[in-house]
Amino acid sequence: MKGMMVIRPYGYEIWELLRDQLDRMFKETGHRNAYFPLFIPESFLKKEAEHVEGFAPEVAWVTSGGGEVLEERLAVRPTSEAIICSMYAKWVKSWRDLPLLYNQWANVVRWEKVTRLFLRTTEFLWQEGHTVHATAEEAEAETLQMLGIYRKLAEEYLAIPVLTGRKSDSEKFAGAVRTYAIEMLMPDGKALQAGTSHNLGQNFAKAFNIRYESKEQKLEYAWQTSWGATTRLVGALVMTHGDDSGLILPPRVAPIQAVIVPISAGNWQQTVLPQAQKIFGALKAAGLRVHLDDRDAYTPGWKYADWEMRGVPVRIEIGPKDIEKQQVVLVSRLDRKKSFVSWDSLAGELSMLLERIQGELYNRALAMRDANTRQASTYTELLEVMAGSRGFIRCGWCGSPDCEVKVKADTSATIRVILDEPDPGLKSCVVCAQKALHTVIFAKSY
RNA sequence: CGGGGCGUAGCGCAGUCUGGUUAGCGUACACGCUUGGGGUGCGUGUGGUCGGUGGUUCGAAUCCACUCGCCCCGACCA
């Protein structure tokens, strides 16, 4: 099947680690998990006009079941606003029911014409949060809070710097009032949208009739948000940190943080292996994700290359010479630099090394992004950058869709985010030279 | 969806133009010996509907048509 992915255990473990972090942060902010149906009756999907128009081209339909043609065809969920809102309409009665803070971990299907492994697949895994609030202010605060959680996940766990900001009208979610996103820059100069948070206003509440009775005994439409992040994040990890030897995984989301490679010489299984096993047990007990590679069929050198390709941040070598000195050799995946550490201080030293690698990966990614972020004050400058090095381009924008469309037609770049704070140095629109209302980031995107 | 490229062993490829023995090579895999602190070396083996379907031909990996999948560029896309 085109665009479908199979995720084997090592890759899935990466997803599980970042998923667990997100899930923890959601719960810390009062959200609870729930589950809603995979199929959505067409009549539900049609209720919000802009929403159905936005998703229609990429919906997969079920038209028969049990050997019979269905009276009403069913959409395989491309996102669950429609089905969830239909339930929220029944559940929300009073201001006392609010806020409703639910999240769903699920798979969704979007029939994309062009697929790209991990970045744009027909079926993907994600979480989608759907909340209901009594006021517009609360909904906006929720939207921004969740954007902040995505930023935290990206920067503190995936070690990838992000820009946050609003999307232009042409890029916003179909049915939303406002869409915010975290936006990453990949090493090839293309931008990747890695998480979105939408303020839905009352659009869906009006379409699905989600109303509550306020303290003042007035019937009011509710205010809603939705927000999501997907398996695309795993693709972002791979692209951002990899080098010529393979993957480099940030320690906080690495399924294996350190691999122990016993030096197989002579009767190593009697001399070296027992100590390697002891160290393995001690590190595991210290809460580290370690693996002991005791395969006899491969030489140490082969194992080094193998684990480097898989992105394990630290290798621990132990051989006959180390047994004598009661030490091990730590090797960083970043630069292959070796350090010699005694057995009794290993757990502490390893933890510190892992933290250093986590920080260094972020710094590398930040340096890459900064080196590929340019400012353009004239249209000629913008064209030159897009024809050459690409990357992020900061410039002024008057806010007119016409200017946005012109850039896309000429360069295929789009506005990735509208920055929260306009740069006072960028006074005029990069296209029409009229007064700039916003500072925006243009880039080609995945 | 439009333009271009590519599908031959798990992976990477040669062979296709110019149809003709048993379809090769590297790597991986299995076994034996050897080696072991940067992908050890030698040997013996296993593994193929040549993406699929149909056609042309005495004969098709090779020519033709259709089709499926993948990659790049563009359009589309929260």
Side-chain angles (χ1 to χ4, degrees), chain A residues 1-5 8 48 50-59 78-81 108 110-117 119-122 124 126 128 166-183 188 190 192-200 226-230 232 245-246 260-269 271-273 276 293-310 315-325 327-331 333 336 338 340 405 408-417 444-446:
Chain A
M1 259 304 297
K2 179 178 150 79
M4 303 299 240
M5 60 180 163
R8 297 216 276 175
E48 213 290 330
E50 189 184 328
H51 185 62
V52 67
E53 195 185 326
F55 279 101
E58 41 186 318
V59 170
T79 179
S80 301
E81 273 76 8
V108 287
R110 295 181 189 181
W111 218 264
E112 300 283 357
K113 285 176 180 158
V114 178
T115 58
R116 247 186 116 88
L117 197 64
L119 300 186
R120 175 172 281 107
T121 46
T122 304
F124 54 90
W126 79 341
E128 47 179 326
R166 272 184 68 182
K167 287 284 181 178
S168 67
D169 282 352
S170 67
E171 296 279 329
K172 81 171 170 55
F173 177 72
V177 172
R178 270 190 295 282
T179 287
Y180 297 88
I182 59 169
E183 203 75 25
D188 64 355
K190 285 188 179 177
L192 189 72
Q193 178 175 301
T196 48
S197 188
H198 316 291
N199 185 331
L200 303 178
S226 70
W227 25 275
T230 75
R232 175 181 270 191
S245 304
I260 302 169
V261 178
I263 302 307
S264 41
N267 58 341
W268 66 280
Q269 277 153 330
T271 55
V272 177
L273 190 58
D293 188 352
D294 58 3
R295 291 176 292 180
D296 189 34
Y298 299 102
T299 60
W302 195 94
K303 292 177 181 177
Y304 298 169
D306 192 40
W307 292 112
E308 280 172 9
M309 189 179 71
R310 294 174 200 281
R315 176 173 76 241
I316 303 173
E317 300 173 15
I318 178 162
K321 286 183 261 177
D322 305 307
I323 299 284
E324 274 174 38
K325 297 181 192 164
Q327 65 172 26
V328 296
V329 185
L330 294 190
V331 186
R333 174 65 180 81
R336 296 183 184 174
K338 294 188 175 189
F340 301 87
V405 165
K408 188 170 184 187
D410 291 347
T411 68
S412 83
T414 51
I415 294 178
R416 302 322 303 156
V417 286
K444 273 193 72 140
S445 75
Y446 271 104

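From a predicted model like this one, the values you see are computed outputs, not experimental measurements.
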Check whether any side-chain nitrogen or oxygen of [X] sits under 4.0 Å from OP1 or OP2 of [N], and answer yes or no.
X      : N      : value
A:K408 : B:rG74 : no
A:R116 : B:rC72 : yes
A:K321 : B:rG36 : no
A:Y304 : B:rG36 : no

Distance check needed: B:rC29 P versus A:R295 CZ, whole Å only.
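After rounding, the gap between these two atoms is 10 Å.
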Rounded distance (Å) that lies between atom C1' of B:rC77 and atom CZ of A:R120:
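Roughly 6 Å, once rounded to whole Å.
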Classify the side chain of A:E308 versus the base of B:rG38 as yes if they form a donor-acceptor pair under 3.5 Å and no if they do not.
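Donor-acceptor pair under 3.5 Å: yes.
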Find out whether the Lys NZ or Arg CZ of A:K190 is both under 6.0 angstrom from the six-membered ring centre of A:Y446 and within 45° of the ring's axis.
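Pair A:K190/A:Y446 counts as cation-pi.
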Scan A:E171 against the nucleic acid and name what it touches under 4.0 Å (heavy atoms): base, sugar-phosphate only, or nothing.
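If one applies the 4.0 Å heavy-atom cut-off, A:E171 turns out to touch the sugar-phosphate alone, with no base involved.
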Output yes when a side-chain donor or acceptor of A:R232 lies under 3.5 Å from a complementary backbone atom of A:Q193, and no otherwise.
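Checking the backbone N and O of A:Q193 against the side chain of A:R232, a donor-acceptor pair under 3.5 Å is found.
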Where the side chain of A:R315 is defined as all heavy atoms beyond and including C-beta, which of B:rG38, B:rG39, B:rG37 is the nearest nucleotide?
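From the listed options, B:rG38 comes nearest.
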Could you work out, with ring-ring contact (aromatic ring centres under 6.0 Å, His included) as the rule, every residue matching A:F173, not counting sequence neighbours?
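Testing A:F173 for ring-ring contact (aromatic ring centres under 6.0 Å, His included), a comparison that skips the adjacent residues, returns A:H51, A:F55, A:H198.
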Check salt bridge (Lys or Arg N to Asp or Glu O under 4.0 Å) between A:R178 and all other residues, then give those that pass, not counting sequence neighbours.
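Result, salt bridge (Lys or Arg N to Asp or Glu O under 4.0 Å) vs A:R178: A:E140.
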